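One structure below.
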Amino acid sequence: MSVSAPETLATEEAAEWSIEDASELYRVGAWGESFFHINDHGHAAVRPDPGTDLSIDIVDVVRSLRERGIAFPVLLRFQDVLQARVRRINEAFRDAILEAGYDNVYRGVYPIKVNQLHEVVEEVLDAGRPYSMGLECGSKPELIAALAHMEDDEALLICNGVKDTTMLRMIIEAQRLGKRVIPVLEKYTEFLELRRLAKEYSYSPRFGARVRLATAGAGRWRESGGDRSKFGLSVPEIVTLVEALEASGDTDAFQLLHFHLGSQISDIQILRRAVKEITQVYANLHRRGVPVQYLDVGGGLGVNYDAGYAYDDPGIGYSLQEYANAVVYAVQEVCDAAGVEQPVLVSESGRAITAHHSVLIVEVQGAYAKDRIHDGFVPEEDDHATVHKLHETLHFVTTGDNGSPTLAELLEAYHDAWEARREADTLFALGYLPLEQKALAERLYWSVCTAILERVDRLEVDPLPTELAELEDQLVDQYLCSFSVFQSMLDHWAIGQGFPIMPIDRLDEQPRRRAVLVDLTCDSDGKVSHYVSANADKRFLPVHPVTEGEPYYLGFFLMGAYQDIMGDAHNLFGRVSEAHIYADAEEPGNFYIEQTIAPTSIQEMLASVQYFPNDLHRRMNAIIRQKVEAGVIRPRAGTELLEEYMRCFLQSTYYDSRAR
Ligand SMILES: *Cc1c(COP(=O)(O)O)cnc(C)c1O
């Protein structure tokens, strides 16, 4: 008797499986934005420049990193993808402006809170240089980092967030240097403080204002806009401010109007409405003689993480070009109707610039399935009655005494098995069932359940009775992955953000197992709870069985926005290794690794919570010496133990699959 699918069936189906099927299953076409695809070897691959055919095989990259001894997990940064996104956004606005005959330019800024890593900011500025792309900052440390990168006098530095006097002073000084640094007033009190400083410097600093619009965003981040938003000046406050400027003859200082609807704008109509609303404010101010020059539509350009197929998420229903067109045409329409000149357009897209460029590579450390009974098991005469009962049920389900069991019969078999299992548990708890018999009963129970689900599958019942659906949940495999949700995909835990995940290898082989991915933390939330796939049920990821002795890697895609930087050190898992990859057609495999960055060491993680090597060494040494003196271990073994302990300080915080 066998509870697994017959071998022949599996091979026949495998022959029919193609990389197109894999691409469809994991919905690569939808989230990959033409950057990601599956190559002829069945490997995940990157096309760093969508304009050419040049492709980098991610399995090759992983192999090179392994050869260099890089600790996993590792975050791959495809710098060409980052640059391609910068170009794409700037060109989308340029094309929209050309097509509409819009009478001004676009000056994008990159909000560094999305990913402040120096390398990322430098790449963005590099790729954005031909377009005079600038930066946006939202705090004092971000301002300090950004200021030193404002080499281009044309580029903007937009300063959002609450600003203290120190920040306002830095901004004024930078303006006096000839830089286009614009503080965006979030509160009316900031305006008063700016006026005070203006007097002190005898200099009228330029500034902008965030406007509290009536249009609120939609989706998870809608609170960022609308009447209830945390930031922004109300229309009455704007009028008061303008009156003050008129009284002092400083109307030229008011240069920019800004709004931010929040991240992941799902509905382009809401954006269009907000743009028109703020352009009305702009047009009114112009007619009143306040020559505002810039119109800043904030961030929120969406990224299609779940390909519009997610669990409880409407998805992003527009393209980048559509977004740019919506902004350009809406501003033009309102300005034309009001007969005022058209402003410089500014946008602050962060997620849409950085999300695609990084891929987290995680190794599966173990696959755990429910323990089942071995094929051909026959109970002994003196095995317990519950074992015999379960075995009979299994026999009935797998062979079907009179033809194929019906759904009703299968449900009954399930109830029988459940009863027998419960009986075994009770008897064990009372001391009437030996451990070995309980083990047999449990194995048989899971075999019965597996067999029932296989039978039900063939009956193509839809919807599944609730009991069986729950059973399906329990029978799913757990794949233990060497990473931490809290460090590497915080938004998944915090707000249920979905990220595309797929194996990077064996994609030419049908993934026949269904798994839930769990991380290394000792936290029941440390798992991925929904997945991007074409399957109706998003609670499991289709995966391949793990082969003993062969590493199995999963790629977590679109990780470049926010996740990198918001990571939390739950259980003291630190930053992962990083590798910066550049495309180059002259190199083997079309790439070279420009730089690798070591992961946070155990020593660094411990120092962040005030444990230091000297002190730990001293304590450990004292414990060992005491045992040496007591004769528990030999002095030499004691020294070796201490050395081994100290060597751990320099290691990565993650599971080391290479340790022997
Ligand atoms: C966070 C933020 C952004 C970036 O938003 P994305 O959704 O990443 O494009 C832009 N502007 C402001 C004011 C922000 O707070």
Side-chain angles (χ1 to χ4, degrees), residues 28-39 44-58 60-61 75-97 106-112 114-115 117-135 155 299 301-305 307 316 318-325 347-360 499-500 555-564 578-587 589-595:
V28 182
W31 53 259
E33 285 270 349
S34 74
F35 289 112
F36 298 100
H37 66 117
I38 298 174
N39 68 19
V46 187
R47 220 174 256 127
D49 181 353
T52 74
D53 276 348
L54 191 80
S55 169
I56 300 172
D57 185 325
I58 295 183
D60 280 351
V61 174
L75 190 77
L76 308 181
R77 290 190 185 289
F78 292 99
Q79 310 292 19
D80 304 270
V81 172
L82 185 55
Q83 296 180 1
R85 290 301 292 174
V86 170
R87 288 197 300 272
R88 212 183 256 190
I89 287 192
N90 280 286
E91 281 162 18
F93 271 96
R94 193 193 56 193
D95 292 351
I97 282 172
Y106 167 75
R107 285 275 178 272
V109 294
Y110 168 63
I112 71 172
V114 178
N115 194 326
L117 292 175
H118 199 186
E119 173 95 12
V120 171
V121 172
E122 283 185 315
E123 289 290 348
V124 168
L125 287 176
D126 244 16
R129 198 146 291 134
Y131 316 96
S132 285
M133 179 130 183
L135 297 174
L301 172 52
V303 167
N304 233 346
Y305 293 96
I316 303 302
Y318 54 88
S319 67
L320 204 171
Q321 190 62 55
E322 214 178 325
Y323 175 91
N325 291 348
S347 82
E348 307 172 343
S349 290
R351 189 186 293 277
I353 287 180
T354 60
H356 300 83
H357 90 285
S358 55
V359 181
L360 179 72
F499 291 92
F556 290 51
F557 294 84
L558 312 194
M559 302 296 289
Y562 300 102
Q563 309 318 302
D564 266 10
E578 238 185 69
H580 300 168
I581 322 285
Y582 284 84
D584 187 339
E586 308 288 299
E587 298 283 345
N590 295 331
F591 73 93
Y592 66 96
I593 299 167
E594 180 243 11
Q595 191 189 15

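Everything quoted here is computed from the prediction, not taken from an experiment. Sequential numbering from 1 along the given sequence is applied to the chain's residues.
In this structure Gln563 satisfies the side-chain hydrogen bond (donor to acceptor under 3.5 Å, both in side chains) test together with Asp491, sequence neighbours excluded. Take Phe499 and apply the ring pair (Phe, Tyr, Trp, His ring centres under 6.0 Å) test, not counting sequence neighbours, and it matches Tyr305. Every residue two or more places apart in sequence or in another chain was checked for a side-chain hydrogen bond (donor to acceptor under 3.5 Å, both in side chains) with Glu587, and none qualifies. Remark: Arg94 engages Glu91 in a side-chain contact (heavy atoms from CB on, under 4.5 Å) (not counting sequence neighbours). For Ser349, the side-chain hydrogen bond (donor to acceptor under 3.5 Å, both in side chains) criterion is met by no residue, not counting sequence neighbours. With sequence neighbours excluded, the residues satisfying ring pair (Phe, Tyr, Trp, His ring centres under 6.0 Å) with Tyr582 are Tyr592. With sequence neighbours excluded, the residues satisfying salt bridge (charged side-chain N to carboxylate O under 4.0 Å, His left out) with Asp60 are Arg63. By the side-chain contact (heavy atoms from CB on, under 4.5 Å) test, Asn325 is found to be paired with Ala96, Gln321, Tyr329, residues two or more places apart in sequence or in another chain being considered. Arg47 meets the side-chain contact (heavy atoms from CB on, under 4.5 Å) test with His37; sequence neighbours excluded. Annotation: side-chain contact (heavy atoms from CB on, under 4.5 Å) contacts of Ile97 (sequence neighbours excluded): Tyr102, Tyr106, Val328. Partners of Tyr323 by side-chain hydrogen bond (donor to acceptor under 3.5 Å, both in side chains), not counting sequence neighbours: none found. For the salt bridge (charged side-chain N to carboxylate O under 4.0 Å, His left out) test, residues two or more places apart in sequence or in another chain that qualify with Asp126 are Arg129.
A donor-acceptor pair under 3.5 Å links the side-chain atoms of Arg85 to the main chain of Ala352, judged by distance alone. Between the side chain of Thr354 and the main chain of Gly560, a donor-acceptor pair closer than 3.5 Å is present. Using modelled atom types, no side-chain atom of Asp80 and backbone atom of Asp49 make a donor-acceptor pair closer than 3.5 Å. Judged by distance alone, the side chain of Tyr318 and the main-chain N or O of Gly302 form a donor-acceptor pair under 3.5 Å.
A donor and an acceptor atom, one from each side chain of Gln79 and Glu119, are located under 3.5 Å apart.
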